[in-house]
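The next block holds one structure in the form of structure tokens; read it before the comments.
Each chain gets a letter, A, B and so on, in the order the sequences are listed, and its residues count up from 1.
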There are 2 protein chains.
Amino acid sequence: MSSERALALLRHAPIFQGAQEPDLLPLAELGRFSVLSRGQHLFQAGQAVESLYVVALGSVRVYRLSRGGRRELTLHVEGPRQVVAGVAAFQSRAVYPAHAQALQSPTEVLALPVDAVREAVFHTPALAQAVIAYFARRQAELLGRLDSLVFSELGERLAAYLLEHSAAPHALPTNSELAALLGTVPELISRKLGEFYRLGWIVLERAGAAHRAGQRRGGTGPAGRRHAKRGGALRKTPAPCPLFSPVLL
Amino acid sequence: MSSERALALLRHAPIFQGAQEPDLLPLAELGRFSVLSRGQHLFQAGQAVESLYVVALGSVRVYRLSRGGRRELTLHVEGPRQVVAGVAAFQSRAVYPAHAQALQSPTEVLALPVDAVREAVFHTPALAQAVIAYFARRQAELLGRLDSLVFSELGERLAAYLLEHSAAPHALPTNSELAALLGTVPELISRKLGEFYRLGWIVLERAGAAHRAGQRRGGTGPAGRRHAKRGGALRKTPAPCPLFSPVLL
DNA sequence: CGGACCCTTGAGTCAGGTCAATGATAGTGG
DNA sequence: CCACTATCATTGACCTGACTCAAGGGTCCG
């Protein structure tokens with residue numbers, strides 16, 4: 001039964017944190033899994049909202065395009081157990097406000113019909129409470145995003161990103177992906193990383209031996225790649241590039 | 001009884017749209033009105049969240065400061081019936097994420113204790129539903145804000161603002177206020193408005209005869225003030241400045 | 001009249017962005 | 001194994017929007 005998998009997934013989804021199994025059962029039964037490959041879209045901005053998705057495997061990037069379509073801004077990258085379009089599902093004008101695409105190659109999501117979700121949430125206090133808490137968290141994140149974009153400059157945002165993601169040695173996303181995440185263009189990411197490298201804030205390493213876990217960087221210029229650390233008042237060093245680990249200094 | 005006024009206010013607050021009077025009664029009874037004068041703070045970012053506020057009269061500006069404190073970004077300006085700190089009230093780490101201050105001189109707000117609000121919302125499906133819808137709207141607004149800040153340049157944001165607020169002839173906020181709203185500094189607002197004026201996109205008029213409705217602009221440079229129109233693909237003309245009315249062209 | 005604010009401007013600086021060329025890598029189909 | 005193509009990263013040249021600093025004037029209030 002796929003509804004068992006669905007139930008297990010829903011039980012651990014933060015958006016429903018605190019809900020009891022019986023509350024989630026009806027939703028789990030309506031859920032349908034589907035598999036996407038890297039680059040495939042779950043939905044495009046402007047489409048009518050039909051489903052809310054829970055990531056089961058892989059990861060999904062939610063992003064908006066600039067009017068000209070020349071630039072994009074990544075709003076979220078959701079991994080397993082995270083929800084995509086969780087907010088849109090409760091909006092009255094039911095169109096997705098952003099695009100969503102799979103980032104890795106097997107990416108599996110559970111689609112839940114929005115009507116059923118609304119129904120369940122509105123009739124189950126525990127669910128409603130969980131959703132409210134989730135929305136509040138979400139908005140706090142967005143606010144943080146907002147003022148980092150307005151108040152801090154690129155170097156700072158990049159350094160913050162690197163520090164935040166330096167827990168385990170791992171590969172850096174593509175420069176384009178980083179650019180979309182930080183609200184800029186790939187060229188600037190390259191320059192900044194180069195600068196950090198020259199300053200000794202980061203170390204770099206070929207992606208060579210790396211497992212090709214869904215996405216890996218292609219060519220590498222002159223010196224290979226860098227890795228970074230820094231920030232307004234931050235202090236930390238980085239390690240190997242596509243792969244890196246943090247080291248305090 | 002002030003609780004009657006409170007109830008009337010709550011019944012028309014969008015955050016509780018759809019709720020029935022009996023659901024709101026307990027909240028209304030716990031509400032306390034207070035009056036602030038221009039510039040006075042309802043709360044500062046970082047303080048523990050104790051109340052959620054519903055504006056009864058006047059208007060409240062919610063804003064964040066940059067780390068250095070040199071710049072500020074206005075997140076919302078809430079008028080009568082609107083809620084301040086509606087999202088913060090449901091966050092687990094209970095500290096206000098922003099500052100809030102009265103914009104006009106009598107500004108009256110109804111303070112509701114957050115515990116009571118949470119209690120009421122979590123136990124009343126109609127309220128929970130209303131709050132969820134409100135949060136979803138709120139997030140959509142924030143998203144719009146986000147990408148206008150990331151994707152469009154100042155002239156465009158200013159024009160958009162002017163168009164959006166040109167319904168009735170009325171005074172423009174201070175340049176500093178506009179700057180905070182649009183994520184920039186007062187000097188640039190002045191330059192851009194001047195530019196729009198020279199282009200004939202806006203007309204201006206001394207604030208002279210204007211009623212001093214809480215805030216009015218002080219001195220006026222050379223030509224007085226401007227008024228604006230323009231935008232990526234927008235078409236509209238404006239009228240007198242501090243006071244203006246829109247005119248299609 | 002002095003002080004506190006505002007608005008307006010000129011000058012100068014710089015981060016961030018555009019455009020385009022160069023080199024590499026990985027994957028594909030032979 | 002190899003030519004071929006698509007995707008990336010890196011850089012130099014150059015442009016410009018946005019910001020800072022500072023000065024000049026106004027208005028309003030006490």
Side-chain angles (χ1 to χ4, degrees), chain A residues 38-39 66 68 70-73 105 149-158 171-180 182-198 204-228 241-242, chain B residues 38-39 66 68 70-71 105 149-158 171-180 182-198 204-210 212 215-227 241-242:
Chain A
R38 174 170 167 77
S66 66
R70 319 177 56 78
R71 283 174 56 188
E72 32 189 69
L73 178 66
S105 232
L149 283 168
V150 174
F151 294 139
S152 30
E153 33 193 66
L154 183 56
E156 214 169 318
R157 300 202 296 276
L158 177 55
L172 233 43
T174 301
N175 283 359
S176 312
E177 283 168 293
L178 278 176
L182 304 179
T184 183
V185 295
E187 291 93 323
L188 289 191
I189 297 290
S190 182
R191 287 188 218 278
K192 279 292 169 193
L193 283 175
E195 184 183 327
F196 288 0
Y197 174 70
R198 258 168 265 121
L204 68 105
E205 187 169 281
R206 295 337 263 309
H211 42 323
R212 177 146 294 68
Q215 95 242 48
R216 189 69 305 105
R217 60 188 353 103
T220 314
R225 280 302 292 295
R226 309 46 196 257
H227 207 193
C241 172
Chain B
R38 174 169 167 76
S66 67
R70 318 177 56 78
R71 283 174 57 188
S105 235
L149 284 168
V150 175
F151 293 139
S152 30
E153 34 194 64
L154 183 56
E156 213 170 319
R157 301 203 296 274
L158 177 55
L172 234 42
T174 304
N175 283 1
S176 310
E177 283 167 296
L178 278 176
L182 303 178
T184 182
V185 296
E187 290 94 325
L188 290 191
I189 297 291
S190 181
R191 286 186 220 279
K192 279 291 169 194
L193 283 175
E195 184 184 327
F196 288 0
Y197 173 71
R198 257 166 267 125
L204 66 107
E205 188 169 280
R206 295 336 263 311
R212 178 149 293 68
Q215 96 243 48
R216 189 69 304 109
R217 57 188 354 102
T220 313
R225 281 300 291 293
R226 306 54 194 252
H227 207 194
C241 170

### Query
Do the side-chain N or O atoms of B:Arg71 get closer than 4.0 angstrom to the phosphate oxygens (OP1, OP2) of D:dT20?
no
### Query
Does a side-chain heavy-atom distance below 4.5 Å link A:Thr184 with A:Leu158?
no
### Query
B:Leu154 side chain: which of D:dA18, C:dA20, D:dT20 is closest?
D:dA18
### Message
If you go through the side-chain atoms of B:Arg191, does one of them form a donor-acceptor pair with the base of C:dG10 closer than 3.5 Å?
### Response
yes
### Task
Using atom OH of A:Tyr197 as one end and atom P of D:dT11 as the other, report the distance to the nearest whole Å.
11 Å
### Message
OP1 or OP2 of C:dG17 versus the side-chain N and O atoms of A:Thr184: is any pair under 4.0 Å?
### Response
yes
### Task
In whole angstrom, give the distance that lies between atom NZ of A:Lys192 and atom C1' of D:dA9.
17 Å
### Query
Taking atom P of D:dA13 as reference, at what distance in whole Å does atom CD of A:Glu187 sit?
16 Å
### Task
Give the rounded distance in Å between these two atoms: CG of A:Leu158 and C1' of C:dA15.
14 Å
### Query
Is there a side-chain polar atom (N or O) of B:Ser176 under 4.0 Å from OP1 or OP2 of C:dC6?
no
## Note on the structure
Heavy-atom nearest nucleotide on DNA chain C taken for A:Arg70 and for A:Ser152; more 5' hit belongs to A:Ser152
### Query
Between A:Arg71 and A:Val185, is there a donor-acceptor pair closer than 3.5 Å when you use the side chain of the first and the backbone of the second?
no
#### Entry: Separation of C:dT8 P from B:Leu193 CG (nearest whole Å)
7 Å
### Query
Can you tell which of C:dC7, D:dC8, D:dG17 lies closest to the side chain of A:Thr174?
D:dC8
### Summary
Atom CG of A:Leu73 and atom P of C:dG17 are separated, to the nearest Å, by 12 Å
### Message
In this structure, how many angstroms lie between the C1' atom of C:dA26 and the CZ atom of A:Arg38, rounded?
### Response
13 Å
### Query
From C:dC7, D:dC19, C:dT18, pick the nucleotide closest to the side chain of A:Val185?
C:dT18
### Query
Mind checking whether A:Leu188 and A:Leu154 have side chains closer than 4.5 Å, heavy atoms only?
yes
### Task
Apply side-chain contact (heavy atoms from CB on, under 4.5 Å) to B:Leu149 and A:Leu149, showing your working.
CA-CA 8 Å; B:Leu149 284 168; A:Leu149 283 168; over 6 Å; no
### Query
Closest nucleotide of DNA chain D for B:Gly183 versus for A:Pro186: which of these residues is on the 5' side?
A:Pro186
